[in-house]
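Let me begin by presenting the structure, written as structure tokens, before commenting on it.
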There are 2 protein chains.
Amino acid sequence: MDERDVRLLKAISDLGTGSPEKLHDETGIPVSTIHYRLNNLREAGVIENDLYDFDHEALGLGVTIIVEVHADYEGPYDEFADELLAVEGVTEAYFTMGETDFVVLARLSSSDTVERLISEFEGIEGVERTNSTFTIATLRDESRAPATYDLETLIEELTD
Amino acid sequence: MDERDVRLLKAISDLGTGSPEKLHDETGIPVSTIHYRLNNLREAGVIENDLYDFDHEALGLGVTIIVEVHADYEGPYDEFADELLAVEGVTEAYFTMGETDFVVLARLSSSDTVERLISEFEGIEGVERTNSTFTIATLRDESRAPATYDLETLIEELTD
DNA sequence: AATGAAATAGCCGCGGA
DNA sequence: TCCGCGGCTATTTCATT
């Protein structure tokens, strides 16, 4: 994995497209080279399917950490939340009911970067306390919920 | 959203492709009808981009619940985990360090189905206790981690 | 391994039903 | 709303560097 691969994967993530032509516009890499690189990334298991779902483990961001954030802030919650979202690696964030105020999931490259993450959170104005859970293994990471349902259940639940 | 839309979205999720031809093979729906339907789903905001990322809120699975599972089981953890993964709606599952044993995220259609989910978990042999957190709002749900990093950081972290 | 250019395959939208 | 057909563009292959 070199810089060019990373630029490519970043472009895919940002643009939300796998079109070689659009990726060429963004990165300047020739169309057929993009094709060639993407094939290699597919073989390496970084890209999983036609929809460019990533295997974060193979990509090098296989460390998942779950952080509960307890906060005391002024103003609307989503304004405060922007500060949490600004931290690099934060892939999911939820505003929650109950004891905790926010639950944040982040994808990191190594245990070393975990420290950086926590201290960034702790440094945010209004954050009172954080509680981190390290994950040992990712058992499932499915970005399209329908895959986890039976067709019948899905029809039942989603049709009017 | 009717049954045909749901079949289509399920096929996309299962096959991991957005190719009208492949979706035709799976569903039997004519290629140009698939195209027509997908356009409508795009307009409705259910499909977000070229990569067919879903907006679970618009899809009707906008209720996210986070469940901590404390368990006492025999045998390897991933064998036990299969039981957790069998529950409909479970999109993410992690084996964790520390007090809790597993953290599970699920996408549901309504608060009503939350009860079903919890009782399914509680019914699994070996599950001692569960602790559920309801989410009020999803602030971010990004399935491709590189989108959350600066390009420079990413190059630093991922290149050899 | 990387690229340019040709060939092919699949996508898209029109228009009728 | 659905779907068959045609045009057309993007993808993919291949030969060359």
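We name chains A, B, ... by the order of the sequence lines, and we start the count at 1 in each one.
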First and last nucleotide of DNA chain C, 5' to 3', lying under 4.0 Å from heavy atoms of chain A | C:dA1 to C:dA5

Mind listing the closest non-hydrogen atom pair of A:Ala145 and B:His56 along with its distance?
-> N-NE2, 3.0 Å

For residues 64-75 of chain A, tabulate all N or O donor-acceptor pairs below 3.5 Å that involve a side-chain atom, not counting sequence neighbours.
| from | atom 1 | to | atom 2 | distance (Å) |
| --- | --- | --- | --- | --- |
| A:Thr64 | OG1 | A:Arg107 | NH1 | 3.1 |
| A:Glu68 | OE1 | A:Thr100 | OG1 | 3.3 |
| A:His70 | NE2 | A:Arg129 | NH2 | 3.3 |

What are the atom names and distances for every N/O pair under 3.5 Å that joins the protein to nucleotides 15-17 of chain D?
none

Are a donor atom and an acceptor atom from the side chains of A:Glu122 and A:Thr130 found within less than 3.5 Å of each other?
-> yes

Near DNA chain C, under 4.0 Å by heavy atom, which residues of residues 37-47 of chain A?
-> A:Arg37

Near DNA chain D, which residues from residues 9-33 of chain A have a heavy atom under 4.0 Å away?
-> A:Ser19, A:Pro20, A:Glu21, A:Val31, A:Ser32

Report the residues that fulfil salt bridge (charged side-chain N to carboxylate O under 4.0 Å, His left out) with B:Asp14, sequence neighbours left out, ordered by chain and then residue number.
-> B:Lys10

Closest contact, heavy atoms only, A:Ile118 versus A:Ser132 = CD1-OG, 2.8 Å

Quick check: does any side chain N or O of B:Asn39 sit under 3.5 Å from a backbone N or O of B:Arg42, one acting as donor and the other as acceptor?
-> no

Under the salt bridge (charged side-chain N to carboxylate O under 4.0 Å, His left out) test, which residues partner B:Asp55, sequence neighbours left out?
-> none

By salt bridge (charged side-chain N to carboxylate O under 4.0 Å, His left out), which residues pair with B:Glu120, not counting sequence neighbours?
-> B:Arg116

Among pairs that include at least one residue of residues 22-35 of chain A, which meet side-chain hydrogen bond (donor to acceptor under 3.5 Å, both in side chains), considering only residues two or more places apart or in two chains?
-> A:Lys22-B:Asp50

Going by distance alone, is a donor N or O of one side chain under 3.5 Å from an acceptor N or O of the other, for A:Glu92 and A:Tyr94?
-> yes

Solution key, residues 82-90 of chain A side-chain donor-acceptor pairs under 3.5 Å, sequence neighbours excluded:
| from | atom 1 | to | atom 2 | distance (Å) |
| --- | --- | --- | --- | --- |
| A:Glu88 | OE1 | B:Thr153 | OG1 | 3.1 |
| A:Glu88 | OE2 | B:Asp150 | N | 2.6 |
| A:Glu88 | OE2 | B:Thr153 | OG1 | 2.9 |

Mind checking what makes salt bridge (charged side-chain N to carboxylate O under 4.0 Å, His left out) contact with B:Arg37, not counting sequence neighbours?
-> B:Asp2, B:Asp5

Between A:His35 and D:dT11, does any side-chain N or O lie under 4.0 Å from OP1 or OP2?
-> no

Residues that A:Ala44 engages under side chain to side chain contact (heavy atoms under 4.5 Å, CB included), provided they are two or more places apart | A:Val46

Taking CG from B:Asp50 and P from D:dA10, how many angstroms apart are they, rounded to a whole number?
-> 12 Å

